[in-house]
Amino acid sequence: MERNLYTPDHEAFRDSVRTFVEREVAPHFQQWEEQRLVDRRLWQVAARQGILGLAVPEKHGGGGERDIRFRAVVMEELAAIGAASVQLGLSLTEDIAMPYFLELTDEDQKRRWLPGIAAGELISAIAMTEPDAGSDLQGMRTTAVREGDQWLLNGAKTFITNGIQADLVVVAARTDPSAGSQGISLFVVERDTPGFSRGRKLEKIGLHGQDTAELFFHDARVPAANLLGEPGTGLRSLIRCLPRERLAIAMNAQTAAEAAFGWTLEYVRERKAFGRPIASFQHTAFTLAELRTALDVSQAFIDRAMLALNDGRLTVEDAAKAKWWATELQQRVTDRGLQLHGGYGYMTEYPIARAFLDGRVQSIYGGTNEIMKEIIGRQLIRPRKAR
């Protein structure tokens, strides 16, 4: 089914992205996986080629383009070569951290940070998850206490994407322990902040090239000028920005699933068993038919969600639907694809094996899929307003 999502501008942008991926990512991706870190130079190269900093206003050195379809093009091209670690690192900057720097900063903060982000010189991260709280943002224990023109930050965060390389970390902390959900605030912690340290680079079953870290704050002295918004508005700001993050995860899942399906289809057409292509067996054909149908239906919903985000109409519930559905589908496609590859599917030299491992976390971060269902369910059982 024809998507009718992209314009000629998007397709022209795709040509540029494809060249970038072929020249700057594909030759180095395996090395980054082995060294457990993507070269931070990649952010700078991506920025010079107009692939990073898309939504940053032109006056701050960016592209001034907020249409999320351009980000979808980047995801599709990176997924095509299985560069999931690169995709996550860049997506953290563009889709997850960027809304905080665009929507919550004042003009002085924009001048301080946006040019560096747009140039790929400042890598960003989001630090919400804590060792004991997981997806429960209201259960966070990290605290911030005002002391003159600074805030003293104490606590720990874990599973932080871009945690090792980040120059700017948006940190959620409790500033008023007695205020419940109204007592959480957001701060930008800069790399050289006294009292801020990084723990170990965490070893994961997948996404080996992507740096995930523990962060620690021991009386970290954060300037008052680094507070995002007003004190106590952190949870509201998080809720405001999470739909974009969750849609980005869904888009990433969809593109990864499409790539996995393509590799599988190519393999079963060429591989033979009992003298004929694996694709000619009814079981294989039925499996492919089921996956192709599910992918097409899923893509239609995600395309609608992208357009809704562009128009400012994407709801928290619809973003949750997209996130849990697409990430579960990604796991189903990669699992079935690996099975159809037989023994070769278990070999990491085949992209389906890496995709199987890289995609497992998709249903966990950004809020677990169980939390996504809670969000959707609460909206369904909420009493309707009387007409």
Side-chain angles (χ1 to χ4, degrees), residues 1 3-6 68-80 82-92 94-96 99 135 161 206-207 210 241-265 287-310 313-338 351-352 354-377 379:
M1 183 180 296
R3 290 176 69 186
N4 294 321
L5 181 72
Y6 297 122
I68 198 171
R69 290 176 292 180
F70 287 101
R71 284 291 305 136
V73 169
V74 177
M75 292 183 184
E76 289 169 1
E77 295 304 314
L78 286 170
S85 296
V86 175
Q87 156 55 25
L88 179 56
L90 295 181
S91 185
L92 195 289
E94 290 289 271
D95 305 308
I96 300 174
S135 295
T161 304
L207 295 171
Q210 201 289 309
C241 293
L242 278 173
R244 166 69 185 254
E245 173 180 345
R246 287 167 178 163
L247 176 58
I249 294 172
M251 293 161 58
N252 183 25
Q254 181 73 26
T255 59
E258 278 287 354
F261 182 85
W263 301 326
T264 301
L265 184 60
T287 299
L288 294 172
E290 292 168 3
L291 296 179
R292 182 67 266 164
T293 302
L295 283 165
D296 288 347
V297 173
S298 178
Q299 188 69 73
F301 184 85
I302 290 174
D303 286 354
R304 286 178 57 192
M306 281 192 275
L307 296 177
L309 180 74
N310 281 349
R313 297 182 292 104
L314 182 65
T315 66
V316 171
E317 293 79 19
D318 282 346
K321 293 173 189 175
K323 194 269 183 185
W324 89 256
W325 176 264
T327 57
E328 294 284 350
L329 178 59
Q330 177 187 5
Q331 291 176 29
R332 177 150 52 106
V333 172
T334 53
D335 178 74
R336 293 293 83 204
L338 190 153
I352 192 70
R354 296 196 301 271
F356 178 82
L357 295 173
D358 290 342
R360 185 58 185 86
V361 73
Q362 291 270 82
S363 61
I364 298 173
Y365 59 26
T368 65
N369 282 2
E370 290 75 17
I371 296 297
M372 298 303 99
K373 294 174 186 179
E374 281 284 331
I375 291 170
I376 299 163
Q379 191 270 339

Using 0.5 Å steps for rounding, measure from the CG atom of Asp335 to the CZ atom of Arg360. 10.5 Å
Donor on one side chain, acceptor on other, Glu317 and Gln379, under 3.5 Å: no
Could you go through Arg71 and Ser91, starting from their C-alpha distance and side-chain angles, then the distance that decides it, and tell me whether this counts as side-chain contact (heavy atoms from CB on, under 4.5 Å)? CA-CA 8 Å; Arg71 284 291 305 136; Ser91 185; 3.7 Å; yes
Is the number of heavy atoms from other residues, nucleotides or ligands within 6.0 Å of CH2 (Trp325) greater than 12? no
Before giving the answer on side-chain contact (heavy atoms from CB on, under 4.5 Å), spell out for Leu295 and Leu329 the whole-Å C-alpha distance, their side-chain angles and the decisive distance to 0.1 Å. CA-CA 8 Å; Leu295 283 165; Leu329 178 59; 3.9 Å; yes
Kindly give the heavy-atom pair with the smallest separation between Pro99 and Cys241, and that separation in Å. CB-SG, 4.0 Å
Heavy-atom check, side chain of Arg244 versus side chain of Ile68, under 4.5 Å: yes
Counting C-beta onward and ignoring hydrogens, is there a side-chain heavy-atom pair between Leu307 and Leu5 closer than 4.5 Å? yes
Is there a side-chain contact between Asp95 and Met251 in this structure, where contact means two heavy atoms from C-beta onward sitting under 4.5 Å apart? no
Is a side-chain N or O of Asp358 found less than 3.5 angstrom from the main chain of Gly206, in a donor-acceptor match? no
Roughly how far, to the nearest 0.5 Å, is CD of Glu374 from CD1 of Ile371? 6.0 Å
Cation-aromatic face contact Arg69/Tyr6, 6.0 Å, 45 degrees: no
Hey, could you give me the CD1/CZ distance between Ile96 and Arg246, rounded to the nearest 0.5 Å? 11.0 Å
Let me confirm one number: the CD-CE distance from Glu94 to Met75, rounded to the nearest 0.5 Å. 9.5 Å
When you compare the side chain of Leu88 with that of Tyr365, does any pair of heavy atoms fall below 4.5 Å? yes
Going from CZ on Arg354 to OG1 on Thr334, what distance comes out if it is rounded to the nearest 0.5 angstrom? 13.5 Å
Should the pair Glu76-Arg3 be classified as a salt bridge under the 4.0 Å nitrogen-to-oxygen rule? yes
Smallest heavy-atom separation, Arg336 atom then Leu291 atom, equals CB-CD1, 3.8 Å
Under 4.5 Å between any side-chain heavy atoms of Lys321 and Met372, yes or no? no
Shortest non-hydrogen contact from Leu314 toward Pro243: CD2-O, 3.9 Å
Shortest non-hydrogen separation from Gly359 to Gln331 and the atoms involved: O-NE2, 3.9 Å
Shortest non-hydrogen contact from Ile375 to Ala320? CG2-CB, 4.2 Å
Within a radius of less than 6.0 Å around CZ of Arg304, do more than 12 heavy atoms belonging to other residues, nucleotides or ligands occur? no
Minimum heavy-atom separation for Ala355 and Trp263, please, with both atom names. CB-CZ3, 3.9 Å
What I'd like to find out is whether the side chain of Ile249 reaches to under 4.5 Å of the side chain of Asn252, using heavy atoms alone. no
Could you tell me whether Glu328 and Lys323 have a side-chain N and a carboxylate O separated by less than 4.0 Å? no
When you look at Leu288 and Phe261, which way does the side-chain contact (heavy atoms from CB on, under 4.5 Å) test go after all the steps? CA-CA 8 Å; Leu288 294 172; Phe261 182 85; 3.9 Å; yes
Stepwise side-chain contact (heavy atoms from CB on, under 4.5 Å) test for Gln210 and Val361: CA-CA 12 Å; Gln210 201 289 309; Val361 73; over 6 Å; no
Any side-chain heavy atom of Leu90 within less than 4.5 Å of one from Leu78? yes
